[in-house]
Amino acid sequence: ACHVGRLADIEAMEEHLRRTHGGLDILVNNAVLSPWRSIADTDPGLFAKAVEVNLQGHWFLSTAAVRLMKPRGGGSIVNISSVAAMHPQTMLALYGTLKSALTGMSRSFALEHGPDGIRANTLLPGLIQTSLADAFDAETQARIEGRTPLGRLGLPEEIGHAVLYLSSPAGAFVTGASLVVDGGLSLSLF
């Protein structure tokens, strides 16, 4: 178990992976806290917790992954962001802000660790059929589906396929990229 907001947990996981598996090939940063708050109602405690989970954890998991990947000659880091990083939404300002930061983080890791054979990319999903989508009422989901050119929500396995691409030899020459997987939703948000 690893709580991504606890640095001691990340260090313990790194040591476990080194001891048990001799390293790491792929890291997918997918932990998220998505508070539904206006900017004015975002208190310092919630802000700190969201930064801890959505950014700090991703950063320090990635730095641990780099230490585990280097001796193996490389690896792949995939940061799961959101189309909310490109298109701010009311009540999700903190979520969108932190998801935006993942793009910069991926690009920085890609630049600094490319010579080590380590690739870092960002995946930006639209609304996917998960418990997060269940937080929206049926009317909101229908409105989103109606604005999505492919006319539906995404499936979890479609995100998995994109992660597989970015992590496999098929994506071996892709680093520092942001891949939008949203059925075209972001095209209609302008």
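As the structure is a prediction and not an experimental result, all values here were calculated from the model. Excluded from the calculations below are hydrogen atoms, water molecules and symmetry mates; all remaining heavy atoms, backbone and side chain alike, are included.
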Undergrad: Do S131 and D134 get their side chains close enough for a donor-acceptor pair, meaning under 3.5 Å?
TA: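 Absent: no donor and acceptor within the cut-off.
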Undergrad: Applying side-chain contact (heavy atoms from CB on, under 4.5 Å), run through V163 and I80 and close with a yes or a no.
TA: CA-CA 9 Å; V163 169; I80 306 297; 3.9 Å; yes
Undergrad: Please lay out, stage by stage, how M13 and D9 fare under the test side-chain contact (heavy atoms from CB on, under 4.5 Å).
TA: CA-CA 6 Å; M13 182 197 68; D9 282 12; over 6 Å; no
Undergrad: I'd like a table of donor-acceptor pairs (distance under 3.5 Å, sequence neighbours excluded) in which one partner is a side-chain atom from residues 30-38, with atom names and distances.
TA:
residue, atom, partner, partner atom, Å
S38, OG, D41, N, 3.1
S38, OG, D41, OD2, 3.2

Undergrad: Taking all non-hydrogen atoms of both residues into account, name the closest pair between T103 and S178 and its distance.
TA: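 Closest heavy-atom pair between T103 and S178: CG2-OG, 3.5 Å.
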Undergrad: Rounded to the nearest 0.5 Å, what separation is found between the OG1 atom of T148 and the CD atom of Q141?
TA: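 Taking OG1 in T148 and CD in Q141, the distance rounds to 11.0 Å.
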Undergrad: Considering non-hydrogen atoms only, spot the tightest contact between P156 and Q129 and give its length.
TA: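 In this case the closest contact between P156 and Q129 is CG-O, 3.5 Å.
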Undergrad: Using the side-chain contact (heavy atoms from CB on, under 4.5 Å) rule, take I144 and L153 through it: C-alpha gap first, then chi angles, then the decisive distance, then the call.
TA: CA-CA 8 Å; I144 292 169; L153 301 183; 4.2 Å; yes
Undergrad: Is there a path of hydrophobic side-chain contacts, each under 4.5 Å between heavy atoms of I/L/V/M/F/W/Y residues, joining I10 to M105?
TA: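 Same hydrophobic cluster.
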Undergrad: Out of curiosity, T63 OG1 to L27 CG, how far, rounded to the nearest 0.5 Å?
TA: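 So the gap between those two atoms works out to 10.0 Å.
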Undergrad: Which pair of heavy atoms, one from M86 and one from S186, lies closest together, and at what distance?
TA: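 Closest pair (atom of M86, atom of S186, distance): CE-CB, 3.5 Å.
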Undergrad: Same cluster for L17 and V4 if Ile/Leu/Val/Met/Phe/Trp/Tyr side chains link at under 4.5 Å?
TA: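 Same cluster.
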Undergrad: How far does CG of L61 sit from CG of N79, to the nearest 0.5 angstrom?
TA: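 L61 CG to N79 CG: 9.5 Å, rounded to 0.5 Å.
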Undergrad: I'd like to know if R19 pairs up with E14 as an ion pair, taking the criterion as any Lys NZ or Arg NE/NH1/NH2 lying under 4.0 Å from an Asp or Glu carboxylate oxygen.
TA: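 Not counted as a salt bridge, because no side-chain N and carboxylate O are separated by less than 4.0 Å.
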Undergrad: So, taking the atom named CG in L155 and the one named NE2 in H161, what distance separates them when rounded to the nearest 0.5 Å?
TA: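 Answer rounded to 0.5 Å: 8.5 Å.
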Undergrad: Treating H3 as the side-chain partner and G5 as the backbone partner, does any N or O pair qualify as donor plus acceptor under 3.5 Å?
TA: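 Looks like yes, one N/O pair under 3.5 Å.
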Undergrad: Decide whether L68 and L7 are clustered together by the hydrophobic rule: side chain heavy atoms of Ile, Leu, Val, Met, Phe, Trp, Tyr closer than 4.5 Å, transitively.
TA: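 Per the 4.5 Å side-chain linkage, L68 and L7 are co-clustered.
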Undergrad: Tell me whether R107 at atom CZ has more than 12 heavy atoms from other residues, nucleotides or ligands lying less than 6.0 Å away.
TA: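 Open: at most 12 neighbouring heavy atoms sit under 6.0 Å from CZ of R107.
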Undergrad: Could you tell me the separation between the NZ atom of K49 and the CG atom of D43, rounded to the nearest 0.5 Å?
TA: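 Nearest 0.5 Å value for the NZ-CG distance: 13.0 Å.
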Undergrad: Could you go through E52 and R6, starting from their C-alpha distance and side-chain angles, then the distance that decides it, and tell me whether this counts as side-chain contact (heavy atoms from CB on, under 4.5 Å)?
TA: CA-CA 8 Å; E52 178 182 272; R6 297 184 188 132; 5.8 Å; no
Undergrad: Does one hydrophobic cluster hold both L24 and V78, with members joined at side-chain heavy-atom distances below 4.5 Å?
TA: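 In one cluster with L24: V78, no.
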Undergrad: What verdict does the side chain to side chain donor-acceptor pair (under 3.5 Å) test give for S76 and D25, after you've listed the backbone C-alpha separation in whole Å, the side-chain angles of each residue and the deciding distance to 0.1 Å?
TA: CA-CA 6 Å; S76 174; D25 299 310; over 6 Å; no
Undergrad: Is a side-chain donor or acceptor of T97 paired with a backbone partner of A93 at a separation under 3.5 angstrom?
TA: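 Yes; judged by distance alone, with no hydrogens or angles, the pair exists.
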Undergrad: Taking CD in E15 as the centre, count heavy atoms belonging to other residues, nucleotides or ligands within less than 6.0 Å. Is the count above 12?
TA: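 More than 12 within 6.0 Å, yes.
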Undergrad: Are V83 and K99 packed together at the side-chain level, in the sense that at least one heavy-atom pair is separated by less than 4.5 angstrom?
TA: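 The answer is no; the side chains never approach within 4.5 Å.
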Undergrad: Between L94 and L102, is there a shared hydrophobic cluster once you connect ILVMFWY residues whose side-chain heavy atoms come closer than 4.5 Å?
TA: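 Yes, one cluster joins them.
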Undergrad: Sub-3.5 Å donor-acceptor pair from the side chain of S188 to the main-chain atoms of L185, do we have one?
TA: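 Yes: the side chain of S188 pairs with the backbone of L185.
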Undergrad: To the nearest 0.5 Å, what is the distance between CD (E11) and SG (C2)?
TA: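 Answer rounded to 0.5 Å: 10.0 Å.
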Undergrad: Is there any ring-ring contact (aromatic ring centres under 6.0 Å, His included) pair reaching into residues 42-75, and which pairs are they, with sequence neighbours excluded?
TA: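 Every pair satisfying ring-ring contact (aromatic ring centres under 6.0 Å, His included) with a residue in residues 42-75: W59-F109.
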Undergrad: What closest approach, in Å, do P149 and G183 show between heavy atoms, and which atom pair accounts for it?
TA: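 Of all heavy-atom pairs spanning P149 and G183, the closest is CD-O, 3.4 Å.
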Undergrad: Please tabulate, one pair per line, all N/O donor-acceptor pairs under 3.5 Å involving side-chain atoms of residues 114-127, not counting sequence neighbours.
TA:
residue, atom, partner, partner atom, Å
D116, OD2, H113, ND1, 3.1
R119, NH1, L166, O, 2.7
R119, NH1, G171, O, 2.7
R119, NH1, V174, O, 3.3
R119, NH2, L166, O, 3.1
N121, OD1, G176, N, 3.2
N121, OD1, A177, N, 2.9
N121, ND2, V174, O, 3.0
T122, OG1, S106, OG, 2.7

